[in-house]
Amino acid sequence: MPGTELFGAEERKEVNDVLETGILFRYNQEALRINHWKAKDFEAEVRKITGAKFAHAMSSGSTAIATALAASGIGVGDEVIVPPFTFIATIEAVLFVGALPVFAEVDETLCLSADGIKKAITPKTKGVCLVHMCGGMADMDAIMKVINDNKLILVEDAGQAFSSSYKGTYTGLFGTAGSYSFDFFKIATAGEGGVLVTNSEEIYKKADVYSDHGHNHVGEKRGMEQHPYLGFNYRIGELNAAVGVAQTRKVPGIKEKNRKHKQFLIDTLSKTPGIGFARLADPEGDSATFLNILMPDPETAKRTVAEFNAAGVGGFDYWFTNMYHFINQWDHIKEMRTVSKLAVQVLGAPQDYKTMQLPVSQNVIGRLISFGIRCTWTEQDMINLAAKISECVIKAIKPVNA
Ligand SMILES: *Cc1c(COP(=O)(O)O)cnc(C)c1O
């Protein structure tokens with residue numbers, strides 16, 4: 001959680017600008033706000049880092065991905081290919097726009113694979129909601145070929161991949177629209193917040209309108225604005241946006257530190273037999289928020305996790321058993337426990353979510369243990385951590401040979 005680690009004077013200054021005027025609303029009030037426009041500044045900072053032509057700040061990464069889907073024309077009854085390994089917001093967003101999730105295989109990039117997408121395509125497939133996981137990126141050349149060959153809409157949930165890129169293009173900018181999260185756990189935080197990016201003016205305008213009750217934001221009189229489409233309230237407030245401004249400015253520095261720390265750990269841990277790493281489709285584009293260790297098999301990974309717990313090693317995630325990141329624990333989706341009826345319950349699910357098999361994903365995520373990289377680590381911190389990791393892995397691997 002590097003952003004949170006660096007919360008300080010810069011964030012307080014931006015927030016105090018807003019508190020000076022009391023204008024907590026991102027639109028209008030020109031005369032009172034003494035030229036403080038934090039949501040607009042936040043968007044400009046995100047454009048500066050990613051090179052996106054358009055950026056639109058919103059209340060969360062979840063509302064940003066929901067808006068990206070809607071603005072891309074994905075709605076009721078559309079089949080959308082999704083990964084079984086993501087933060088659950090991706091699946092919720094697809095379900096709540098009325099679309100029908102189709103789960104496909106991820107590979108050692110921890111993202112949907114081109115082959116996995118290809119195998120999940122049906123005549124009803126409208127698009128793919130690709131998720132760039134754990135600070136990395138999907139294998140974009142191969143995936144774009146499948147997207148283009150099959151004329152699919154690509155929407156990217158880059159909730160965990162702000163400032164990650166693939167061959168010079170930033171995640172979120174390969175498809176029609178993409179989203180980043182700035183919640184408490186990401187590379188930069190706004191407290192709560194999300195940003196939609198796109199290179200299409202048409203998609204940007206739809207997102208702008210959709211995320212604010214249809215307002216087209218032309219003119220000074222809010223109540224008299226035109227409403228080209230129906231929308232809802234996914235707005236970000238100025239206080240959150242102010243934090244987002246200061247934090248986003250820190251991202252290039254955070255990324256540089258993260259990458260050094262991750263390389264140090266990889267260099268050290270590579271010497272321990274049995275430790276492998278997730279594949280980066282473009283190592284140069286890694287935001288390095290996570291060190292993603294791949295054990296030889298799921299059983300060894302489970303024993304390693306037990307050794308970590310016994311030795312008091314913290315700061316890692318074993319996603320395979322996580323309630324919110326891996327499909328095995330999503331019994332509410334499998335049993336369709338919803339507070340009110342969703343389109344998928346009326347139209348029927350394209351897959352039997354209870355019985356479908358994703359053996360490649362089960363194997364990869366079963367082997368995966370991720371450590372959150374901290375940008376405030378000292379070299380001694382990393383030496384100590386690597387030593388503990390190695391010790392636990394050696395113990396976990398031993399029983400196999402015994
Ligand atoms: C964090 C995250 C989200 C949701 O972000 P919020 O800002 O918490 O709503 C969506 N997708 C992925 C992949 C995430 O990691």
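We count ligands from 1, going down the list as the structure has it; atoms in each ligand are counted the same way.
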Quick check: does Ser181 get an N/O under 3.5 Å from an N/O on ligand 1? yes
Sub-4.0 Å atoms of ligand 1 with respect to non-hydrogen atoms of Gly193: 7 (O)
Closest by any non-hydrogen atom to atom 7 (O) of ligand 1: pick that one out of Ser59, Gly194, Gly61, Cys129. Gly61
Under 4.0 Å from ligand 1, counting heavy atoms only, is it the side chain of Ala89, its backbone, both or neither? side chain
For residues Ala104 and Pro84, report the shortest heavy-atom separation together with the two atoms involved. O-CD, 3.0 Å
Taking a cutoff of less than 4.0 Å between a non-hydrogen atom of the residue and any ligand atom, is Ser179 in contact with ligand 1? no
Please report which non-hydrogen protein atom sits nearest to atom 3 (C) of ligand 1, along with the residue it belongs to and the distance in Å to one decimal place. Phe87 CD2, 3.6 Å
Nearest to atom 4 (C) of ligand 1, what protein heavy atom do you find, and at what distance? Ser62 OG, 3.5 Å
Taking side chain to side chain donor-acceptor pair (under 3.5 Å) as the criterion, tell me which of Glu11, Glu10, Glu45 meets it with Gln247. Glu11
Lys186, portion touching ligand 1 at heavy-atom distance under 4.0 Å: side chain
State the atoms of ligand 1, each with its element, that fall below the 4.0 Å cut-off from a heavy-atom position in Ser60. 7 (O), 9 (O)
Ile65 near ligand 1 by a heavy-atom separation under 4.0 Å: no
Which pair of non-hydrogen atoms, one from Glu225 and one from Asn28, has the smallest distance, and what is that distance? OE2-ND2, 4.2 Å
Is it true that Ser164 and His132 share a donor-acceptor pair across their side chains at a distance under 3.5 Å? no
Any donor-acceptor N or O pair under 3.5 Å, side chains Asp317, Ser370: no
Checking side-chain polar atoms at under 3.5 Å, does Arg12 have a donor or acceptor matched by the opposite partner on Asn16? no
Return the residue, atom name and 0.1 Å-rounded distance of the protein heavy atom closest to atom 15 (O) of ligand 1. Gln160 CG, 2.8 Å
If you compare Asp157, Val131, Asp183 by their heavy atoms, the one closest to atom 8 (O) of ligand 1 turns out to be Asp183
Output yes when a side-chain donor or acceptor of Thr63 lies under 3.5 Å from a complementary backbone atom of Ser60, and no otherwise. yes
Kindly state whether the ring of Trp37 and the ring of Tyr27 have centres lying under 6.0 angstrom apart. no
